[in-house]
Amino acid sequence: MIVLLPPSETKRVGGDGPPLRLDSLSSPELGPLRAELLGELVELAADRPACRRALGLSAAQDAEIDRNAELRSAPTLPAISRYTGVLYDALDVGSLRGVAASRARARLAVGSALFGLLRADDPVPAYRLSATSKLLGRPTLATRWRPVLEPVLARWAADELVVDLRSGSYAALGRLPDAVRVDVVAEHSNGRRSVVTHFNKAHKGRLARILAGTRSEPADAAAVAAVARRAGMRVERSGNELTVVVAA
């Protein structure tokens with residue numbers, strides 16, 4: 001099983017790994033586009049106003065531009081340690097120990113606007129590029145990533161069950177029709193349901209932690225739902241679509 005996570009805008013800075021080597025990353029067939037985007041980000045960082053517009057940044061966020069300028073020389077961290085925020089706090093992969101930690105590092109992957117796909121231990125620097133970023137004079141990132149990303153995802157899905165927790169904009173970079181997809185809804189006392197917004201990531205992070213460390217090897221959506229239910233989550237299933245139901 002592969003649990004495919006969205007990235008986060010916020011990333012842990014620094015690191016203790018050597019500078020980025022694209023040829024050391026998993027899915028080497030993504031290397032040419034990774035190199036192309038990396039070069040464009042480094043070049044764009046030299047023009048702060050243009051970079052702010054392309055990446056949707058304010059002047060107060062110029063440190064993000066500085067990090068992009070140093071992408072080739074900055075220290076790295078394993079991808080699963082690089083990303084921060086609500087989902088990754090709930091996942092809390094650093095607290096897993098022993099066999100559970102090994103399972104998590106084998107199962108977890110991250111969709112990335114810059115790198116396409118990352119496995120948990122792929123060493124990457126801090127960077128800023130979102131799925132919706134618009135690099136001047138270039139096609140959208142979805143247009144560029146889909147032709148190279150979707151064949152890789154299809155091979156993953158042919159070999160293992162993929163639970164896709166990515167947000168819509170990141171799922172659009174590489175579609176995976178056969179994946180198990182997850183939504184989160186809040187149920188009110190009168191039975192009315194509404195989409196969970198603010199805590200959506202926290203519930204997906206909790207599910208990711210359960211799936212990452214479980215001894216089970218789910219083969220389909222029904223088995224994924226069963227694992228989550230045993231851990232105390234309320235989950236409904238319709239085909240490959242899972243709905244996590246939480247109290248409003």
Side-chain angles (χ1 to χ4, degrees), residues 1-9 25-34 37 79-80 82-83 87-88 91 93 103-122 124 129-133 139-185 195-196 200-201 203-212 214 216-228 233 235-244:
M1 174 176 58
I2 295 173
V3 182
L4 183 53
L5 306 172
S8 61
E9 294 287 7
L25 302 180
S26 58
S27 301
E29 56 268 67
L30 305 180
L33 185 49
R34 287 166 171 163
L37 290 170
I80 202 61
R82 177 62 71 190
Y83 298 99
L87 186 150
Y88 289 88
L91 171 61
V93 72
R103 288 193 195 104
R105 301 191 92 82
R107 289 172 174 169
L108 293 172
V110 182
S112 165
L114 176 55
F115 299 108
L117 292 170
L118 294 167
R119 299 308 293 254
D121 287 328
D122 281 337
V124 292
L129 183 68
S130 303
T132 54
S133 296
T140 66
L141 290 173
T143 298
R144 299 171 75 179
W145 270 121
R146 279 181 189 166
V148 293
L149 202 53
E150 289 183 351
V152 176
L153 286 168
R155 286 195 293 275
W156 282 14
D159 294 335
E160 299 185 73
L161 179 71
V162 179
V163 180
D164 191 352
L165 301 181
R166 294 175 298 169
S167 58
S169 59
Y170 282 92
L173 298 183
R175 296 161 296 189
L176 188 53
D178 295 331
V180 176
R181 290 174 294 279
V182 179
D183 289 320
V184 183
V185 299
V195 176
V196 173
N200 177 290
K201 294 178 181 179
H203 294 296
K204 285 187 174 181
R206 181 185 170 204
L207 177 61
R209 180 181 176 87
I210 292 166
L211 297 177
T214 182
S216 301
E217 288 291 347
D220 55 26
V224 172
V227 170
M233 298 189 83
V235 179
E236 298 173 354
R237 181 179 71 88
S238 176
N240 275 351
E241 303 281 345
L242 301 184
T243 301
V244 176

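If you read the sequence from its start, that first residue is 1, and numbering goes on from there. Just so you know, these numbers use all the heavy atoms, side chains as well, and skip hydrogens, waters and symmetry mates.
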Trainee: Is the shortest side-chain heavy-atom distance between Asp220 and Arg237 below 4.5 Å?
Mentor: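 Of all side-chain heavy-atom pairs linking Arg237 with Asp220, none is under 4.5 Å.
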Trainee: Could you tell me whether Arg103 and Glu217 make a salt bridge, using a distance below 4.0 angstrom between a side-chain N and a carboxylate O?
Mentor: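 No, this pair does not count.
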Trainee: Which distance, rounded to the nearest 0.5 Å, do you find between the CG of Leu165 and the CG of Leu108?
Mentor: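 The CG atom of Leu165 sits 9.5 Å away from the CG atom of Leu108.
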Trainee: Closer than 3.5 angstrom, by distance alone: can the side chain of Trp145 be matched with the main-chain N or O of Ala113 as a donor-acceptor pair?
Mentor: yes
Trainee: Are any side-chain N or O atoms of Thr140 and backbone N or O atoms of Thr143, one a donor and one an acceptor, separated by less than 3.5 Å?
Mentor: yes
Trainee: Under 4.5 Å between any side-chain heavy atoms of Arg206 and Val244, yes or no?
Mentor: no
Trainee: Which pair of non-hydrogen atoms, one from Ala208 and one from Leu91, has the smallest distance, and what is that distance?
Mentor: C-CD1, 3.9 Å
Trainee: Is the backbone N or O of Asn240 less than 3.5 Å from a side-chain atom of Arg181, with the two atoms forming a donor-acceptor pair by type?
Mentor: no
Trainee: Could you give the distance from CZ (Arg166) to CG (Leu176), rounded to the nearest 0.5 Å?
Mentor: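 These two atoms lie 6.5 Å from each other.
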Trainee: Given side chains that start at C-beta, do those of Met1 and Val163 come closer than 4.5 Å, heavy atoms only?
Mentor: yes
Trainee: Check whether more than 12 heavy atoms from other residues, nucleotides or ligands sit under 6.0 Å from atom NZ of Lys201, and answer yes or no.
Mentor: no
Trainee: Between Leu141 and Leu129, is the side-chain contact (heavy atoms from CB on, under 4.5 Å) condition met? List the steps.
Mentor: CA-CA 10 Å; Leu141 290 173; Leu129 183 68; 4.1 Å; yes
Trainee: Measure the shortest side-chain to side-chain distance between Val152 and Leu30 over non-hydrogen atoms and say whether it is less than 4.5 angstrom.
Mentor: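 When only atoms from C-beta onward are counted, Leu30 and Val152 do touch, with a gap below 4.5 Å.
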Trainee: Indicate the atoms forming the closest heavy-atom contact of Ala225 with Val235, along with that distance.
Mentor: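 Here Ala225 and Val235 meet closest at CB-CG1, 3.9 Å.
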Trainee: Is any side-chain heavy atom of Tyr88 closer than 4.5 Å to one of Ile80?
Mentor: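 They are in contact (side-chain heavy atoms under 4.5 Å apart), so the answer is yes.
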Trainee: Can you tell me how far the CE atom of Met233 sits from the NE2 atom of His203, to the nearest 0.5 Å?
Mentor: 7.0 Å
Trainee: Quick check: closest heavy atoms across Ser27 and Arg34, and the distance to 0.1 Å?
Mentor: O-NH1, 3.2 Å
Trainee: Just so I know, are the side chains of Asp159 and Ile2 near enough to count as touching, which here means a heavy-atom distance under 4.5 Å?
Mentor: no
Trainee: For the CG atom of Leu114 and the CG atom of Leu37, what is their distance to the nearest 0.5 Å?
Mentor: 6.0 Å
Trainee: Do you know which two heavy atoms are closest between Lys204 and Val184, and how far apart they sit?
Mentor: CG-CG2, 4.2 Å
Trainee: Just by distance, do the side chain of Thr214 and the backbone of Leu211 share a donor-acceptor pair under 3.5 Å?
Mentor: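 No: the side chain of Thr214 does not pair with the backbone of Leu211.
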Trainee: Suppose we screen for side-chain contact (heavy atoms from CB on, under 4.5 Å). Which residues come up paired with Ser169, at least two apart in sequence or across chains?
Mentor: Ala131, Thr132, Ser167
Trainee: Considering all heavy atoms of both residues, which atom of Arg119 and which atom of Ser26 are nearest to each other, and what is their separation?
Mentor: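 Distance-wise, the nearest heavy atoms are CG-OG, 3.3 Å.
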Trainee: Minimum heavy-atom separation for Ile210 to Ala228, with atom names?
Mentor: CG2-CA, 4.4 Å
Trainee: If we ignore hydrogens and angles and just use 3.5 Å, is the side chain of Glu236 paired with the main-chain N or O of Thr243 as donor and acceptor?
Mentor: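 It does not hold such a pair.
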Trainee: Would you say the side chain of Leu25 lies within less than 4.5 Å of the side chain of Val124, judging by non-hydrogen atoms?
Mentor: yes
Trainee: Using side-chain heavy atoms (C-beta onward) and a distance below 4.5 Å, is Asp122 in contact with Leu117?
Mentor: no
Trainee: Checking Leu153 against Val162 for the side-chain contact (heavy atoms from CB on, under 4.5 Å) test, could you report, in this order, the C-alpha distance in whole Å, the side-chain angles of both residues, the deciding distance, and whether it holds?
Mentor: CA-CA 9 Å; Leu153 286 168; Val162 179; 5.8 Å; no
Trainee: Given Tyr170 and Ser130, is the side-chain contact (heavy atoms from CB on, under 4.5 Å) satisfied, shown in steps?
Mentor: CA-CA 9 Å; Tyr170 282 92; Ser130 303; 4.0 Å; yes
